Structure formats: structure tokens, C-alpha cells
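Worksheet: the structure to be examined is printed underneath.
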Protein chains: 2
Amino acid sequence: MDSRGAILLRAAEIASVDGLEGVTIGRLAIELGMSKSGVFSHFGSKEELQLSAVHKAAEIFTREVVIAGGAALDLCERWLDYSKRRVFPGGCFFVVTRSEFAARPGRVRDALMLFHLRWASLLERLTGDAQLAFEVDALLAAADRFAVLYDDASAYERVRLALRARIAMPTGTEMSVARPNDSSIASQVSSMI
Amino acid sequence: MDSRGAILLRAAEIASVDGLEGVTIGRLAIELGMSKSGVFSHFGSKEELQLSAVHKAAEIFTREVVIAGGAALDLCERWLDYSKRRVFPGGCFFVVTRSEFAARPGRVRDALMLFHLRWASLLERLTGDAQLAFEVDALLAAADRFAVLYDDASAYERVRLALRARIAMPTGTEMSVARPNDSSIASQVSSMI
DNA sequence: CCTACCGATCGGTAGG
DNA sequence: CCTACCGATCGGTAGG
């Protein structure tokens, strides 16, 4: 109901399809039935709008993917499901925009780097292995890009199988809900918003 | 020396940094010291310019990466080196533009899909395993995106190690130059241009 | 290949 | 939040 939130949700959705540069103030105004200056006045510059959209997307991502109390494999399953459900219509907002801004210095890239660092450190904490965390992240991103590019969900199964082969299950805890590191994960969650 | 080639080379370079939508006719004109209509007249539409840039990038990629007579691991090493050398200043043209157009139907996406299908089938032929080929492709793309985003070449070493652990060396042929499947690879090369 | 131009859209501002 | 406007740039055209 708050219009700022509605603008940013739509901006994040558009960015997942057309990139953050494809998010224009005029387009948002038309799609939301507002005036251009009405949209613009919430942010003051396009860069602030982009940064706010990144923040909004981080909020959505955290809510949809980063649940407290999961093991590495659970987190991956949630990530794949989040991608498959098209929480963002063009696939994972962060996979798209990180690639878009990888070679463009500025505050938007910095924000995307920071978010990725937090995500990577969460993966590393849960897998207990930086190399494995890197490979897991690579496989998740590839599943997302392939599924969208080819409009073919089989990439998710492919990656699911690869991950199950690589990530060791914590023995004897497959059915448990609470885990010893619940609190550290919960703090990680809040730091990702 | 031919101006069409110079335009397309510059277009491909820009696209690796700013995406194919960041390639504008006015920008090309300024950077190449031409008039806008001089640039435009070679293509007739922006879509044709984008498609021609994809074709040009495929030519460059094939020249730099897809050499005849390599095993899977050799091809991966060449790919990582091509990314690391910044043949395209923003990293691999195809990793960038495929992500950019994954959710945007049209001729540009179709061209990028076709190129990727050929690349994936080459990887599958050399590895002899579709699942492994998928994972190799995922790791290469991740190395490229990470190295550019963090301006940190260590991702290449990380992926090199992962690939060496996964891709079996053809026993007894480590030092050979010619291989039995030279001709099939050579035909694959020409079909990628 | 050029100059000169077109309507549309861009990010952003003034003033209310 | 709005209308009305700004200069710059977009893809593209006419004519040479």
C-alpha cells in the first residue's frame, strides 16, 4: 500500500528482466499510474532508485530464501525453488544485476558486491568450505540463467543432483528442525537486509 | 581497416561492459569518429547491429578459444585464459549478453541461445557427459563473473582446480598434439562462426 | 559516408 | 503527489 514500496517492488521485477538500466522513471510511472515526478520525488536520482531497488530485492530474497535453521542443502533447495517460482519474473534479481554491473564501478556495483559477500559467507559457513561454497554458488546461478534462457526447468534438477552429490548431509540431523547454529544463521539473515 | 568490422569490434567490447542495450549508435559514432548515420547505414536497425555484434563476438571467441585438437581440459584452460586476458574488456561477451537477454524474447536472444547450444554441445562432446558439461560451463561462467565483479583473478585458479578434479585426462595422450577427433572438432569450430 | 532533421524518451527541475 | 517544462540522447529518415 505504501507507494514507495510498490515502486521498488515493480523496479526489482523489471530489473530481473531488463536490468537495472532498464528501470526507467517514465516506465515505472506509467505501469503504476503515477506521474514521473511522483515516482522521481521518492528518490531524487536514478542511482538512488537503483540502490533502493537493490535493498528491496535483498529484503525479498532474504524472506524467500534465507530461513533460519537450515543446513546448506536446505538453503540451496530454497534458492532453487525461489528461482523456479519466479519470485522475480526474469529469474534471480541478483544473478542478473550482478552480471550487469560487474564491470561498472559505482555505488550500485558496490551494493551488489556487499550483498554477494554476505551470501557467499553464509554459504561458506553452512558448507564449511570456501571452495565448495564457490562451486555451489556457481551451480545455483547457472541453474537460474539456463532455466530462464531456455525456459526449461530441467536445469534445476540437474543442479539439485550435482549439489546432493557434493554437499555432505550432517549425519543424524536430516529430520531435525532446530540446529546448534540457529542463532548465527538468524543474525546472518538480519544482516542481509 | 574495414569500418563495419571496426564498428562491430567496438560494439562487442562495449557490450561486454554495458550490455548490448548499452551499445548506442551515437556512442559508437563518437568513439569511432564517424557520423551517427554513417554507423547506422551499415545495419539499418539497432537489432541488426546487435545481431552483427553477436556474430562478430562469436568469430573472436572461436579464434581465441576454440582451437582444433584440444581435449576438454585444454579447451577450459583456453577459455579461462581468454576471460583473464580480457579479450572483451568486461569479461566474456557471451556470459554477459546471455544473462542480459535471457528473459527477453527476440532474435538477439535466439542468436545467443544458438551460440550457447553449439558451445554446450562442444563441451559435451569433449567431456563425453552432459551433466559434466553443464557443470563445467557453470564454473567457467562463474569464474568470469567473479573475476570481473571483484577485479580478482583468484577465481580462475579456483575454477582451474575444480575442473582438474572433475575432468578425466585421456590417459596417455597428455602430450599429444593430434587426436582422433580432430576433424570433428574442426567442423565444430567452423559451425560456431 | 555526410549534414540536417524527426518524434519519442531519457533523467531531472520549477512551482504548486 | 501533480502539471509543465528543460536539455540531452535515443533510434531512425531524407537527401545528397
Side-chain angles (χ1 to χ4, degrees), chain A residues 1-57 96-97 100-101 104-112, chain B residues 1-57 96-97 100-101 104-112:
Chain A
M1 288 309 151
D2 87 289
S3 69
R4 193 188 134 95
I7 292 166
L8 292 177
L9 174 58
R10 191 75 201 100
E13 289 170 349
I14 291 171
S16 75
V17 174
D18 292 315
L20 274 166
E21 288 301 340
V23 176
T24 70
I25 294 159
R27 180 176 174 186
L28 284 169
I30 291 171
E31 296 191 15
L32 295 165
M34 297 174 63
S35 67
K36 269 178 58 178
S37 68
V39 172
F40 182 82
S41 64
H42 282 95
F43 310 101
S45 74
K46 181 164 185 184
E47 191 183 45
E48 278 303 326
L49 166 60
Q50 290 175 325
L51 289 166
S52 300
V54 171
H55 194 270
K56 176 73 167 180
V96 173
T97 59
E100 182 186 8
F101 278 84
R104 294 194 219 177
R107 296 172 66 205
V108 175
R109 181 178 73 168
D110 293 345
L112 293 168
Chain B
M1 289 305 154
D2 86 291
S3 69
R4 192 188 135 97
I7 293 166
L8 292 177
L9 174 59
R10 192 74 201 102
E13 289 171 350
I14 291 171
S16 76
V17 174
D18 292 317
L20 274 167
E21 289 300 339
V23 177
T24 70
I25 293 159
R27 181 175 174 187
L28 285 170
I30 290 170
E31 296 192 15
L32 295 166
M34 297 174 64
S35 66
K36 269 179 58 177
S37 68
V39 173
F40 182 81
S41 64
H42 283 96
F43 309 101
S45 74
K46 181 164 185 184
E47 192 184 45
E48 278 303 326
L49 166 60
Q50 290 175 324
L51 289 167
S52 300
V54 171
H55 194 270
K56 177 72 168 180
V96 174
T97 59
E100 182 186 8
F101 278 84
R104 293 193 220 178
R107 295 172 66 204
V108 175
R109 181 178 73 169
D110 293 345
L112 293 168

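By convention in this document, chain letters (A, B, ...) are assigned in the order of the sequence lines, proteins followed by strands, and residues within each chain are numbered from 1. Because the structure is a prediction, the values reported are computed rather than measured.
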### Message
Heavy atoms only, 4.0 Å cut-off, all strands: where does B:Ser41 land among base, sugar-phosphate and nothing?
### Response
base
### Message
Whether the side chain of A:Ser35 and the base of D:dC1 hold a donor-acceptor pair under 3.5 Å is what I'd like checked.
### Response
no
### Interatomic distance where CZ belongs to A:Phe40 and P belongs to C:dG16 [whole Å]
19 Å
### Task
Quick one: look up who D:dC6 pairs with, Watson-Crick or G-U, both distances under 3.5 Å, and put none if it's unpaired.
C:dG11
### Task
Kindly indicate whether the side chain of A:Lys36 and the base of C:dG11 share any N or O donor-acceptor pair separated by less than 3.5 Å?
yes
### Summary
Here the distance between atom C1' of D:dG11 and atom CD of B:Gln50, to the nearest Å, is 11 Å
### Task
Please lay out, stage by stage, how B:Glu48 and B:Arg107 fare under the test side-chain contact (heavy atoms from CB on, under 4.5 Å).
CA-CA 9 Å; B:Glu48 278 303 326; B:Arg107 295 172 66 204; 3.0 Å; yes
#### Entry: Rounded interatomic separation in angstrom, taking CE from B:Met34 and C1' from C:dC1
7 Å
### Message
Measure CD/B:Glu48 against P/D:dG12 and give the value in whole Å, please.
### Response
10 Å
### Message
Contact between B:Glu100 and B:Leu112 at the side-chain level, heavy atoms closer than 4.5 Å - yes or no?
### Response
no
### Query
What's the spacing between B:Leu20 CG and B:Arg109 CZ if we round to 0.5 Å?
14.5 Å
### Task
Using both distances under 3.5 Å as the test, list the Watson-Crick or G-U wobble partner of D:dG16, or none.
C:dC1
### DNA chain C: 5'-proximal contact among A:Val23 and B:Gly38 (nearest heavy atom)
B:Gly38
### Message
Can you tell me if B:Ser3 touches the phosphate of C:dC1, counting only side-chain N or O atoms and a distance under 4.0 Å to OP1 or OP2?
### Response
yes
## Note on the structure
Among D:dG11, C:dG11, C:dA14, the one nearest any side-chain atom of B:Ile25 is D:dG11
#### Entry: Between P of C:dA8 and CD1 of A:Ile30, the distance in whole Å
13 Å
### Query
Can you check whether B:Glu21 reaches B:Phe101 side chain to side chain, under 4.5 Å on heavy atoms?
yes
### Task
Check the distance between D:dC2's P and A:Leu32's CG and give it to me in whole angstrom.
11 Å
### Nucleotide of D:dG12, C:dA4, D:dA4 approaching B:Lys46 most closely (side-chain heavy atoms)
D:dG12
### Task
Grab the CD-C1' distance between A:Glu21 and C:dG11 for me, whole Å please.
11 Å
#### Entry: Atom-pair distance (CD1 on B:Ile14; P on D:dC10), nearest Å
11 Å
### Query
Salt bridge or not for B:Lys56 and B:Glu13, using N-O below 4.0 Å?
no
### Query
Hey, does the side-chain of A:Thr24 have a donor or acceptor N/O within less than 3.5 Å of a partner on the base of C:dT9?
no
